[in-house]
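Notes follow once the structure below has been shown.
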Protein chains: 2
Amino acid sequence: MSILFSRQCEYALQAIFYLALKPHGELTSIRDITDKLEIPYHFVAKILQDLTRKKLLRSHKGPSGGFSLGKSAKDITIFQIVEAIDGDGFLKNCLFGFPKCDSDNPCSVHEQWEKIREDINKMLTSKSIYEMTNSMKKLQYNGIS
Amino acid sequence: MSILFSRQCEYALQAIFYLALKPHGELTSIRDITDKLEIPYHFVAKILQDLTRKKLLRSHKGPSGGFSLGKSAKDITIFQIVEAIDGDGFLKNCLFGFPKCDSDNPCSVHEQWEKIREDINKMLTSKSIYEMTNSMKKLQYNGIS
DNA sequence: ATATAATCAGATAATATTGTCTTAAATTAC
DNA sequence: GTAATTTAAGACAATATTATCTGATTATAT
C-alpha cells in the first residue's frame, strides 16, 4: 500500500521529477517516462493529462511531441503536485479518522501529529523541485538521468 | 481518504481506545462500539475478530458477552494495532513509491522523510494506550466515556 | 432445558482505485 | 498532402477495499 499519497499521486511525483531532470523545455513522451520508471502507460497518460489541465505540465501532440514542466522547476513544489492529485486532506484530517477531532476534542496523538504534520508540510513546500533535483543529480538518482 | 492508515486500521484504533476507556476487564459488545463511534457494525465485527485471533483483544460469546483488551492497556501501543492490521510498510517504503529508493539511491526527500518517519515511530511506540487514554479522559475525549 | 444474546464464519455486494483498450484529434516530417 | 507519431478522451476491465447479509455456534440467564 502507498503511504501518504495515492498511487496516482506517486506516479505524478515520479513523472514530475523525471521531467525536471531533463533539460529545460525538452519534450518527453509518455512512453519514455513510463518505460524508464516502469509504471503503467495508459494510467500515467491520464494523470499527465490531468496535470496538464491544471497547468503544472505542458503537452505537445504529434511526432517529437510530449510533455514538459508547465513552469520553471524553481516555481514548483511537491505540495503543488500532491494538492492537484490528492488534495490536502492528509494535512487536515485526524490520524485515527475521528470525525470530530480538534484541539477542543483531541484524539490521543492530536498534538504530536500536528507537529509531524508541520514537518511534512515543510518538507513538501520549503524547497522547489529544482533544488531537489540538484541533490538527486549528484547522487545519480535511480539511474534515470 | 485516510492518511497513514487504512480505514480498517482507523476503526481498529478507534475501537481499541473506546475499549481502553472502559473499566478494566469489562466486556463491550460490537453494537455498543459501533453505535457510539458511528462506524459500520459488520465490517468492524470482522476487524475485532481479526484482532482477537492476534491476541490483542479477547472475546466472549453469549448474552452479556463482548470484547475486552487482550492484555493490560499498559502493554499495548498504537504501533501493535497498526502493525497487526496494516503491517509496517508505512515505516519502510519510499514516500514517492520508488521501488529502489535507499540511502545509496535516495529520492529527493529520503533523509527528511526518514526523520519524520522516526518521529512517527516514536509517536506510535513510546506511550502505551493506557497513558494515552489518561490524557484523553482529562479532555473528555469525544464524549465517549 | 430453553430462549436469548452475543460472537464467528463465509458468501455476497457495493464502491473506489488502479489499469487497459480503442478511437479521435493534432502535429510533424517527408 | 500523406503517413507517422504523439497526446486526448471515453469506455471498459480488473483489483482492492469497504460494507452487508445470512446462518451457525457459543454461552448466559431464567
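Worth saying up front: this structure is predicted, and the values here are computed from it rather than measured.
- For B/Asp32, the salt bridge (charged side-chain N to carboxylate O under 4.0 Å, His left out) criterion is met by B/Lys22, B/Lys36, not counting sequence neighbours.
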Between protein and nucleotides 11-16 of chain D, map the contacts as a letter string: B base, S sugar-phosphate only, - none, heavy atoms under 4.0 Å, written 5' to 3'. B-----
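- Here B/Ser59 does not reach the OP1 or OP2 of C/dA6: none of its side-chain N or O atoms lies under 4.0 Å away.
- Take A/Lys115 and apply the side chain to side chain donor-acceptor pair (under 3.5 Å) test, not counting sequence neighbours, and it matches no residue.
- Comparing C/dA6, D/dC21, C/dC21 by their closest approach to the side chain of B/His42 singles out D/dC21.
- Rounded to an integer number of Å, the gap from A/Leu51 CG to D/dA8 C1' is 15 Å.
- Judged by distance alone, with hydrogens and angles left aside, the side-chain atoms of A/Asp102 form a donor-acceptor pair with the main-chain N or O of A/Asn105 at under 3.5 Å.
- If you check residues 82-90 of chain B against DNA chain C, you find no residue with a heavy atom closer than 4.0 Å.
- The side chain of A/Pro40 approaches C/dG19 more closely than any other nucleotide in the set D/dT6, C/dG19, D/dA19.
- The CD1-C1' distance, from B/Ile47 to D/dT20, rounds to 13 Å in whole Å.
- Rounding to whole angstrom units, CD of residue A/Gln49 and C1' of C/dA25 are separated by 12 Å.
- Distance A/Asp50 CG to D/dA9 P: 11 Å, rounded to the nearest Å.
- The side chain of A/Arg7 contributes an N or O atom lying less than 4.0 Å from OP1 or OP2 of C/dG19.
- For residues 107-133 of chain B, there are no ring-ring contact (aromatic ring centres under 6.0 Å, His included) pairs, not counting sequence neighbours.
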For residues 5-13 of chain B, please give each side-chain donor-acceptor pair under 3.5 Å, one per line with the distance, not counting sequence neighbours.
residue	atom	partner	partner atom	Å
B/Ser6	OG	B/Cys9	N	3.1
B/Ser6	OG	B/Asp86	OD1	2.7
B/Ser6	OG	B/Asp86	OD2	3.4

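- B/Arg58 places no side-chain N or O within donor-acceptor distance of the main-chain N or O of B/Ser68, the cut-off being under 3.5 Å.
- Evaluation of the side chain to side chain donor-acceptor pair (under 3.5 Å) rule for B/Asp75 yields no partner, not counting sequence neighbours.
- Look at A/Tyr11 and you won't find any side-chain N or O under 4.0 angstrom from OP1 or OP2 of C/dT18.
- Follow the hydrophobic side-chain contacts under 4.5 Å out from B/Leu56 and you never reach B/Leu27; the two are in separate clusters.
- One can place CG of A/Leu48 at 13 Å from P of D/dA9, the figure rounded to the nearest angstrom.
- Taking atom CD of A/Gln8 as the reference point, atom P of C/dT20 lies 14 Å away to the nearest angstrom.
- Scored by the side-chain contact (heavy atoms from CB on, under 4.5 Å) test, A/Glu131 finds A/Lys127, A/Ser128 as partners (sequence neighbours excluded).
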Show the atom names and distances, to 0.1 Å, of all donor-acceptor pairs under 3.5 Å that link a side chain in residues 40-55 of chain A to residues at least two apart or in another chain.
residue	atom	partner	partner atom	Å
A/Asp50	OD1	A/Arg53	NH1	3.4
A/Asp50	OD1	A/Lys54	NZ	3.3
A/Asp50	OD2	A/Lys54	NZ	3.4
A/Thr52	OG1	A/Leu48	O	2.7
A/Lys54	NZ	A/Ala84	O	2.8

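- Pairs passing the ring-ring contact (aromatic ring centres under 6.0 Å, His included) check and including a residue from residues 44-88 of chain A, sequence neighbours excluded, do not occur.
- Across the protein-nucleic acid pair, B/Arg53 atom CZ and C/dC8 atom P stand 8 Å apart, rounded to whole Å.
- For A/Lys74, there are no side chain to side chain donor-acceptor pair (under 3.5 Å) partners two or more places apart in sequence or in a different chain.
- We find that CZ of A/Phe43 is positioned 17 Å from P of D/dT7, with the value rounded to whole Å.
- Counting non-hydrogen atoms under 4.0 angstrom, B/Tyr41 reaches a base of the nucleic acid.
- Contacts of A/Ile30 with the nucleic acid, taken as non-hydrogen atoms under 4.0 Å apart, involve only primed sugar atoms and P, OP1 or OP2.
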For nucleotides 28-30 of chain D, which of its nitrogen or oxygen atoms have a protein nitrogen or oxygen under 3.5 Å away, and what is each distance?
residue	atom	partner	partner atom	Å
D/dT28	OP1	B/His60	NE2	3.4

